[in-house]
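Below: one structure, written as structure tokens.
So that the names make sense, note that chain A is the first sequence line, chain B the second, and so on, each numbered from 1. These values consider heavy atoms only, across backbone and side chains, with no hydrogens, waters or symmetry-generated copies.
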2 protein chains.
Amino acid sequence: MSKLTKSSSVAPPSVPATARSYHHGDLRSELLDAAARLLREEGEAGLSMRRLAQELGVSRTAPYHHFADKHSLLCGVAEEGFRRFRRVLSESELGLHGVLREDSLRDFSRRYVDFAVNNAEYYDLMFGGKLWKSQALTESLKTEAYRAFREYLGYIRGYQQQGQISSEVAPLRFAQLSWSTLHGISRLLIDGIYLESEVVEEMCRTAAEMFARQARL
Amino acid sequence: MSKLTKSSSVAPPSVPATARSYHHGDLRSELLDAAARLLREEGEAGLSMRRLAQELGVSRTAPYHHFADKHSLLCGVAEEGFRRFRRVLSESELGLHGVLREDSLRDFSRRYVDFAVNNAEYYDLMFGGKLWKSQALTESLKTEAYRAFREYLGYIRGYQQQGQISSEVAPLRFAQLSWSTLHGISRLLIDGIYLESEVVEEMCRTAAEMFARQARL
DNA sequence: GCGCAATGTAGACAGTGTCAAGATGCTCTG
DNA sequence: CAGAGCATCTTGACACTGTCTACATTGCGC
């Protein structure tokens, strides 16, 4: 019984006053939120299944009734990340399908990189080897993950059909290449390699310029 | 004494016949090699300090006389990776400082991505958040890491001074942007995201084309 | 109201990184 | 050649991890 350390935490995580009576109520989604929070605040090393359970005031093994294992839990977090990611990207000018201007590419690039940098705890899982290399992505995660890229590819195809992108450009290749660039910028920024966060703006501008030239706008 | 499992390994790792007598002889470098091998064969999860020690037939804590902790060991592996990386890149046509052609950029890109894909166990450490985020890179690793990029930047500056790259291009920005692209391609390939290894060649070709246009060759 | 499925719990096991204390043997100085 | 000093290696211990098994409690549908 010595583990009710929850009462010692400064701000109890929004439990509705009725303290809790054996059954938690909404453990699954609270696990996902707490996991993301721990990752953000303390990095990968700060997240353990046991710690997570303790933080939410349940026993060590309770989370296993909602996620088969740690891997599944992380897939769940990544999935939530993709939902937020798609929402951000879909608000981009790029989806408007009018005239394709360099500004639109810049806006998209900026949104992409900003999301990655400001939601690194999600981005790391969404586009990191940790989950993908395991070759065991949740089916729902796979769906969500590919949808993001497919939507982007759809934009490119749309613009090409409207004659806004040279017909000599292979849409898939163009999409992969520009996505790679944005991914590379994001990764270097997040990990603090060769790039400082002060240059985000300029990197995105130059990247968009490069994309535009490649598309022969 | 039951831990001399080394004799049970199929191919003893090139020990000079004189089996070993308390002192190992060259543990440090064997640790680095074995660590890279384990990472390659079994991934990050397959590498533990204890496993490493057992594999080399020494006690669990012996490695700690050569590396302060696991982190330092990994820094050592990454450093070796950078040495190999620089060697590969320096053989590129890009270093020749004659006329800059798209072919040179393609050759460089190809070498970069090929190294990353075929030496993923090194690349992951060299350019992964695992070490960089810790903010505690070994001094010698930092040196080696920045040297790689500085050499590349040097190539770009050299070509610009020879009038091979438009003076409107900021060399640092161009270097960062193209490096980001190559990094992004490599990461997506290694992690198996959106890119299949069959398209390596074409991605590199298209990337070089894009770089060349940006440089206004 | 009852039974079952969902959800919670404690106990145990093998594995991890790493610290502290002690054993061994190479090397160099006297 | 003796022996001191030091690098190296060893065993023991600790706190932590993910996850398995077995058991307890509860809410919901009949």
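- The base of C:dT18 lies close enough to the side chain of B:Arg50 for a donor and an acceptor atom to sit less than 3.5 Å apart.
- Taking atom NZ on A:Lys130 and atom P on D:dG18, their separation rounds to 9 Å, with Å as the unit.
- For A:Lys70, counting side-chain heavy atoms from C-beta on, the closest listed nucleotide (C:dG17, C:dT7, D:dT19) is D:dT19.
- Residue B:Leu47 contributes atom CG, which lies 12 Å from atom C1' of C:dT16 at whole-angstrom precision.
- The separation between B:His65 atom NE2 and C:dC26 atom C1' is 15 Å, rounded to whole Å.
- Protein atom CD of B:Gln54 is 9 Å distant from nucleotide atom P of C:dG15, rounded to whole Å.
- A donor-acceptor contact under 3.5 angstrom links the side-chain atoms of B:Thr61 to the base of D:dT11.
- Electrostatic pairing of B:Asp124 and B:Arg40 does not count as a salt bridge here, judged by no charged N lying under 4.0 Å from a carboxylate O.
- Residue A:His66 has no polar side-chain atom (N or O) positioned under 4.0 Å from OP1 or OP2 of C:dA6.
- The distance from atom CZ of A:Phe67 to atom C1' of C:dA6 is 15 Å, rounded to the nearest whole Å.
- You'll find that the side chain of A:Ser48 is closest to D:dT17, out of D:dT17, C:dT18, D:dT10.
- Between B:Glu144 and B:Arg86 there is a salt bridge, with a side-chain nitrogen of the basic residue lying less than 4.0 Å from a carboxylate oxygen of the acidic one.
- For B:Tyr122 and B:Phe127, the ring centers sit 6.0 Å or farther from each other.
- A donor-acceptor contact under 3.5 angstrom links the side-chain atoms of A:Arg60 to the base of C:dG11.
- Atom CE in B:Met49 sits about 13 Å away from atom P in D:dC9, given to the nearest Å.
- Remark: aromatic rings of B:Tyr152 and B:Phe174 are distant, center separation not under 6.0 Å.
- Of the residues near DNA chain D, A:Ala68 and A:Arg51, the one whose nearest nucleotide (by heavy atom distance) lies more toward the 5' end is A:Arg51.
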